[in-house]
Amino acid sequence: MKNENSKESNKKTNDLGPNTESAVNQKMTTDQGLLINDDNNSLKAGERGATLLEDFILREKITHFDHERIPERIVHARGAGAHGVFKVYDNSMEEFTKAGFLINPAIETPVFVRISTVAGFRGSADLARDVRGFAIKFYTEEGNYDLVGNNMPVFFIQDAIKFPDLIHAVKPEPRNEIPQAASAHNTFYDFISMSPESTHMMMWLMSDRSIPRSLRMMEGFGVHTFRLINTAGKSHFVKFHWKPILGMHAVVWDEALKINGQDPDFHRRDLHEAIEAGAFPEWEFGVQIVSEEDEHKFDFDLLDPTKLIPEELVPVKKIGKITLNRNPDNYFAETEQVAFHPGHLVPGIDFTNDPLLQGRLFSYTDTQLSRLGGPNFHEIPINRSIIPIHNNQRDGIARIQINKGKTSYHPNSISDGYPKQVKASEGGFTSYQERIDANKIRTRSKSFLDFFSQATLFYNSQTVPEQNHLIDAFRFELGKVDIQEIRDRMVSLLGQVDEDMANKVAAGLGMKVPKPIQPITHQFGADDHPKDFQPIKVNPALKKSPALSMTHNKGDGSISTRQIAFLTADGVDGIALDKVKKALEGAGAMVKIIAPHLGFIKDDKGKEIKVDKSFLTASSVLFDAVYVPSGDSVKTLKAVPNAIHFINESYLHCKAIASNGNGKQLIESTYVAPNLNKDAASNGLIVVDKMDDNFAKLFIKAIAAHRFFERENGDKVPA
Ligand code: HDE
């Protein structure tokens with residue numbers, strides 16, 4: 001009988017575009033299109049075996065399964081992706097670039113974004129203390145442009161040749177493959193403490209930037225200095241920025257550790273759920289532009305990727321917006337198989353000679369050859385350009401395109417010379433004609449040898465709670481290093497950044513800050529290595545850059561997508577619960593009803609309320625704030641250890657806590673009790689006897705404040 005999954009019926013029911021498939025209303029087939037009659041039993045000689053080698057259906061299924069995995073990315077293996085669109089605000093960039101998608105506000109460019117951690121394996125937990133990769137593929141009308149950046153504007157090393165060493169040092173140690181997704185171990189600090197150029201990046205890594213509350217609430221950076229080229233061929237230097245509309249927010253370290261157990265997919269889930277709920281993540285795209293004439297006017301080298309251009313020196317001009325509005329249909333096909341490359345360029349954008357960027361230009365295609373199995377990865381749907389591809393590249397593993405015609409070379413006369421090259425004036429890509437006249441040498445430019453000024457600038461620009469978190473992070477990480485010599489070297493480096501900070505880190509480790517220690521490697525050129533860690537000393541133009549503190553960008557003050565826990569049980573005050581729920585949801589927050597058991601509870605009027613989570617699966621670390629409504633429920637909750645713990649932990653993690661009426665009794669049963677009389681505005685405890693119209697407003701304001709770090713000044717509660 002004919003297989004009714006004919007091309008027509010397939011087309012009708014699976015009209016999702018090329019290369020997509022939906023099994024809705026379809027019958028099961030083998031990979032060759034044969035209808036399957038039994039997918040539950042293999043072919044056997046008799047009811048009790050043996051199984052026959054002849055069973056090609058069994059063999060096809062198992063063979064495919066055996067080869068389901070591909071090598072994970074060597075770095076950035078753990079990631080989450082989303083589709084979206086990019087649009088520029090106006091044509092004001094025309095002066096600097098000819099890239100159509102950056103100058104024409106009528107163009108809506110489709111994008112795919114993948115955000116990742118660096119060190120962990122593909123199955124590692126989301127809240128590792130780590131840099132986040134922020135890679136964007138723009139499917140422009142002039143070809144694919146990839147901006148493969150991070151959530152921190154600088155990097156650990158200045159030269160690509162050090163990348164394998166850096167990554168080997170941070171990855172699990174070779175002897176026992178421990179620890180997973182963590183920089184807190186001997187080999188990482190062994191390397192870093194002998195790599196003074198990494199000190200600036202280490203300040204970023206130990207700051208709260210490395211433990212974001214959400215992937216939607218972090219900045220993105222292109223890191224390297226790139227070039228913009230206009231129609232006249234004139235070049236300007238440029239740094240790229242992404243500014244999140246929701247502002248920058250982080251969790252606290254104790255919370256990060258616990259989230260990794262409670263929900264290792266916390267960031268991935270958060271991104272997915274926000275997009276499903278229609279709360280589309282948005283970032284504004286910004287540029288810092290420097291003219292060619294000003295290349296040498298800074299006290300650092302624009303080509304050095306361990307340096308940033310302070311926004312106070314060159315402001316970030318916001319030129320457009322990216323909106324992520326669609327989740328991938330299939331994680332593997334899209335998020336796993338997407339292949340980024342800083343060398344995927346379009347006319348109007350070009351490279352500089354940053355030696356880290358130059359090395360990257362080799363690495364990204366090379367790595368896809370082993371990860372995606374050959375040179376045809378550009379044909380995988382997620383990697384395809386939106387404009388058709390015509391060239392003389394042919395064949396290779398898994399070639400999908402069927403090239404017609406008699407020729408596959410250029411020049412040819414048989415095919416009238418097609419495909420033809422295109423003149424620059426017609427949109428053909430030409431490289432910026434930078435003049436180079438130099439000796440071939442292996443050395444580090446002297447202009448790269450100031451290692452600490454910007455590390456100090458970063459530290460000075462943080463608020464006191466941010467500085468304290470950074471010190472605690474170094475204490476934690478170096479506490480996991482068990483070779484004293486390595487701690488000595490690392491703390492001596494910190495001493496060059498800020499004496500007070502180094503003393504505080506050292507105190508936590510029960511040691512004194514050692515004197516600067518002589519470098520023991522020939523890092524800066526075999527014949528010309530400097531005598532100390534700070535070979536070039538500069539007097540930086542800026543002592544403080546507020547833009548470097550996360551508190552300078554808390555966003556639009558909305559509480560959109562914030563997760564709020566309502567602690568309830570039978571007898572809860574239904575009117576209070578409804579009122580606060582409506583107000584919070586009206587402001588975009590997501591309310592979850594938590595109770596001692598799943599199913600339904602009854603409010604004080606006997607009305608049934610659906611429970612979202614029981615205390616067994618709802619930990620405080622998965623929420624941004626907590627509310628205890630009044631009612632007989634409070635009596636029950638006082639006897640639930642997890643409810644008590646919920647309040648203590650929320651307080652420890654500096655979150656807003658609200659209650660009305662006898663809800664206060666639950667808070668009085670916790671370690672938080674002595675803090676109840678403190679000022680609500682600075683302490684985030686909104687505890688009222690009688691609920692008025694202002695209650696929800698105060699609570700919303702407290703949630704928007706995100707965290708109340710004042711609580712860390714000595715009145716920490718056990719949790
Ligand atoms: Fe990467 N990097 N990288 N990197 N990188 C990769 O490419 C590499 C660097 C970044 O979501 C790999 O396809 C070298 C800086 C992101 O798929 C690999 C050097 C920055 C992603 C590679 C660097 C990045 C990668 C692994 C030093 C910030 C994930 C898999 C010269 C500006 C992209 C892959 C995704 C991935 C090499 C340094 C960002 C091995 C050699 C600096 C966001 O090719």
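Counting begins at 1 with the first residue of the sequence. Each ligand, and each atom within it, is numbered from 1 in the order the structure gives.
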Any N or O of R371 closer than 3.5 Å to N or O of ligand 1 | no
For the rings on F101 and F138, is their centre-to-centre separation under 6.0 Å?
-> yes
Nearest-contact summary for atom 34 (C) of ligand 1 - protein heavy atom, Å | T367 CG2, 3.4 Å
Determine whether the side chain, the backbone, both or neither of V223 has a heavy atom under 4.0 Å from any heavy atom of ligand 1.
-> side chain
Do F221 and W242 have ring centroids that are under 6.0 Å from one another?
-> no
Would you say G79 touches ligand 1, if touching means a heavy atom closer than 4.0 Å?
-> no
Short question: side chain of E312, backbone of A547 - any donor-acceptor pair under 3.5 Å?
-> yes
Looking only at heavy atoms of F134, does any of them come nearer than 4.0 Å to an atom of ligand 1?
-> yes
Do K171 side-chain atoms and A119 backbone N/O form a donor-acceptor pair below 3.5 Å?
-> yes
By side-chain contact (heavy atoms from CB on, under 4.5 Å) - contacts of T365 (at least two apart) = H341, F377
What residue and atom, counting heavy atoms only, is the protein's closest point to atom 28 (C) of ligand 1, and at what distance?
-> N150 ND2, 3.2 Å
So which protein heavy atom does atom 43 (C) of ligand 1 come closest to, and at what separation?
-> G149 O, 3.2 Å
Are F285 and F240 near enough that their ring centres are under 6.0 Å apart?
-> yes
Can R78 and D126 be counted as an ion pair, charged N to O under 4.0 angstrom?
-> yes
Nitrogen or oxygen of R73 less than 3.5 angstrom from that of ligand 1 = yes
Distance filter under 2.8 Å, centred on atom 1 (Fe) of ligand 1 - protein N, O or S atoms that pass it | Y364 OH
Check each atom of ligand 1 against the heavy atoms of A160 and keep those under 4.0 Å away; list them by number with element.
-> 31 (C)
Going by the 4.0 angstrom heavy-atom rule, the piece of Q368 near ligand 1 is side chain
Please report which non-hydrogen protein atom sits nearest to atom 33 (C) of ligand 1, along with the residue it belongs to and the distance in Å to one decimal place.
-> F340 CD1, 3.8 Å
Q462 side chain vs L548 backbone, donor-acceptor pair below 3.5 Å | yes
Looking only at protein heavy atoms, what sits closest to atom 11 (O) of ligand 1 is R114 NH1, 2.7 Å
Knowing that exactly one of M202, M203, M201 qualifies, which makes a side chain to side chain contact (heavy atoms under 4.5 Å, CB included) with F458?
-> M203
Any Lys/Arg nitrogen of K318 or E284 sitting under 4.0 Å from an Asp/Glu carboxylate oxygen of the other?
-> yes
Electrostatic pair D270:R216 at N-O distance under 4.0 angstrom | yes
Per-residue contact class, F221 against ligand 1 - non-hydrogen pairs under 4.0 Å = neither
Please answer whether the main-chain N or O of S207 pairs with a side-chain N or O of R129 as donor and acceptor at a distance below 3.5 Å.
-> yes
